[in-house]
Protein chains: 2
Amino acid sequence: MVRRTSLKEADCPVARALDAIGDWWSLLIIRDAFSEARRFGEFQKSLGVAKGILSARLRNLVELGILEIAPASDGSAYQEYVLTEKGRGLFVVIAGLRQWGEEHCYEPGEPHSALIDNETRQPVGRLELRSADGRVLGPLNTSVRLNPMPPAKPSGRP
Amino acid sequence: MVRRTSLKEADCPVARALDAIGDWWSLLIIRDAFSEARRFGEFQKSLGVAKGILSARLRNLVELGILEIAPASDGSAYQEYVLTEKGRGLFVVIAGLRQWGEEHCYEPGEPHSALIDNETRQPVGRLELRSADGRVLGPLNTSVRLNPMPPAKPSGRP
DNA sequence: CCGTATCCATTCCGATACTG
DNA sequence: CAGTATCGGAATGGATACGG
């Protein structure tokens, strides 16, 4: 990766998550994996990424336990890349990116597809973050501290 | 940015979103902006990022309408960077990354903070994606197509 | 304190050629 | 089709020096 300073050991879940999948291609690979993409060529064609980069990204995602290698479902002697449970846990992240992209990354009149439930064929609602008591903390709520750095500032002097 | 092929015009909200904030630093900057960071030096100290990179990222985020420049709240003659509504819309994305990071990026015994509501001081629940009829589509639900590429494959042959 | 500009090592990206 | 190896160009990342 490009970054010199690793965030793997940072004391922040967001930083650790971004250290794992915060590059430009990994989340798009995972997005396709949530669809039906499984084969090297499927990812390659869908993303238009260089094969060398895709190879490195897939290897990294397997190493991190986000994807796992399975024998080909058809007869071919190659391998398939399928999401693990850890990988499927990224569903909310990608769904959140998709919601935000739909709302803020298209021109006013520009058409764009909506998030559809494949089973009911109905549009889905919005992502909601609920408090333990059931209160919806909503996308605009900022009373939740996303950065776990409490005022650890010592008031006394050394 | 690093990527040569721009995804700004891709026909996928996820790709467009990642084109905007899919690099290594932008989401961390936004994370800090959700806390109390507003000044150049605050971001710089919190992230440990090179000043040149931070300058470029902040400029890009302002240009995209995710941050906006406000006059300093204190007396100083400098500027502050505050989230716009578009930027605050990324709340669910960062909260999702944080949830995933908490669950999958720490060693079994390794301590880590939980997502706490600053008002009630209670831990918050999980992110939920609800269908239009109220059904919870949950983090592991895959019946929602995240990649808007319907089976546009023509069945007939040319 | 804020922000830009410069230098340099490292890495990524894209394209291509190559082996099974 | 699947995956690796290599090459050149471009941008990042880190450090530092420089003006406002």
Side-chain angles (χ1 to χ4, degrees), chain A residues 1-10 15 18-29 32-33 36-64 67-82, chain B residues 1-10 15 18-29 32-33 36-63 67-82 153:
Chain A
M1 304 302 184
V2 164
R3 202 197 300 103
R4 235 59 65 72
T5 60
S6 171
L7 299 177
K8 274 194 185 61
E9 322 217 337
L18 288 175
D19 191 86
I21 46 82
D23 70 278
W24 265 307
W25 291 115
S26 293
L27 278 173
L28 290 173
I29 292 171
D32 284 351
E36 71 282 357
R38 287 162 171 256
R39 298 281 282 267
F40 190 94
E42 290 179 303
F43 292 107
Q44 213 262 320
K45 193 192 311 183
S46 167
L47 300 173
V49 62
K51 294 162 81 172
I53 300 293
L54 176 60
S55 177
R57 290 292 182 277
L58 287 173
R59 199 178 321 140
N60 184 244
L61 291 172
V62 169
E63 189 179 349
L64 291 173
L67 295 178
E68 65 185 350
I69 293 179
S73 52
D74 59 350
S76 65
Y78 303 113
Q79 34 196 6
E80 300 190 340
Y81 302 88
V82 298
Chain B
M1 304 301 186
V2 164
R3 202 197 299 102
R4 238 56 67 70
T5 61
S6 171
L7 299 177
K8 273 194 185 64
E9 321 218 338
L18 289 175
D19 191 86
I21 46 82
D23 68 277
W24 265 308
W25 292 114
S26 293
L27 278 174
L28 290 173
I29 292 172
D32 285 351
E36 70 282 357
R38 287 161 171 256
R39 298 283 282 266
F40 189 93
E42 289 179 302
F43 292 106
Q44 213 262 320
K45 192 192 311 183
S46 166
L47 301 174
V49 62
K51 293 161 82 173
I53 300 293
L54 176 60
S55 178
R57 290 292 183 278
L58 287 173
R59 199 178 322 136
N60 184 244
L61 290 172
V62 169
E63 189 178 350
L67 295 178
E68 64 184 351
I69 295 180
S73 53
D74 59 352
S76 64
Y78 304 113
Q79 35 196 6
E80 299 189 342
Y81 302 87
V82 297
K153 190 184 304 174

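Letters go in sequence order (proteins before strands), and every chain restarts at 1.
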Short side-chain N/O contact from [X] to OP1 or OP2 of [N], under 4.0 Å:
X	N	answer
A:Arg59	D:dT4	yes
B:Arg38	C:dC2	no
A:Arg39	D:dA2	yes
B:Trp25	D:dT12	no
B:Tyr81	C:dC2	no

Measure from [atom1] on [X] to [atom2] on [N] and round the result to the nearest Å.
X	N	atom1	atom2	answer
B:Leu61	C:dG3	CG	C1'	16 Å
A:Trp24	D:dA11	CH2	C1'	8 Å
A:Leu18	D:dG13	CG	P	13 Å
A:Gln79	D:dT4	CD	P	8 Å
B:Lys45	C:dC1	NZ	C1'	11 Å
B:Asp23	C:dT11	CG	P	19 Å
B:Arg57	D:dT12	CZ	C1'	8 Å
A:Ile53	D:dG8	CD1	C1'	14 Å

message: What I'd like to find out is whether the side chain of A:Leu58 reaches to under 4.5 Å of the side chain of A:Ile69, using heavy atoms alone.
response: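 A:Leu58 does not reach A:Ile69 side chain to side chain.
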
What pairs with A:Ile53 under side chain to side chain contact (heavy atoms under 4.5 Å, CB included), at least two apart in sequence or on another chain?
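Counting only residues at least two positions away or on another chain, A:Ile53 forms a side chain to side chain contact (heavy atoms under 4.5 Å, CB included) with A:Trp25, A:Val49, A:Ala50, A:Arg57.
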
With A:Lys45, which residues qualify under side chain to side chain contact (heavy atoms under 4.5 Å, CB included), at least two apart?
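A:Lys45: no side chain to side chain contact (heavy atoms under 4.5 Å, CB included) contacts found.
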
Considering heavy-atom distances to DNA chain C, does A:Val49 or B:Leu58 have its closest nucleotide positioned more toward the 5' end?
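Of the two residues, B:Leu58 wins.
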
Original post:
What nucleic acid atoms does B:Gln44 come within less than 4.0 Å of, heavy atoms only: base, sugar-phosphate, or nothing?
Top reply: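 The answer is nothing, as B:Gln44 stays clear of every strand by at least 4.0 Å.
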
| query | If you look at every strand shown and take non-hydrogen atoms under 4.0 Å, does B:Phe43 touch a base, only sugar-phosphate, or nothing? | reply |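 No contact at all - B:Phe43 keeps every heavy atom at 4.0 Å or more from the nucleic acid.
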
Atom of [X], atom of [Y] and distance for their closest heavy-atom approach:
X	Y	result
A:Tyr78	A:Arg39	CD1-NH2, 4.0 Å
B:Ala70	B:Val82	CB-CG2, 4.4 Å
A:Tyr81	A:Leu67	CB-CD1, 4.1 Å

**Item:** Under the side-chain hydrogen bond (donor to acceptor under 3.5 Å, both in side chains) test, residues paired with A:Arg38 that sit two or more places apart
**Value:**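 In terms of side-chain hydrogen bond (donor to acceptor under 3.5 Å, both in side chains), with neighbours along the sequence ignored, A:Arg38 is linked to A:Glu80.
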
Write down the protein N/O and nucleotide N/O pairs, taken from nucleotides 15-20 of chain C, whose separation is under 3.5 Å; answer none if there are no such pairs.
from, atom 1, to, atom 2, distance (Å)
C:dG20, N2, A:Tyr78, OH, 2.8

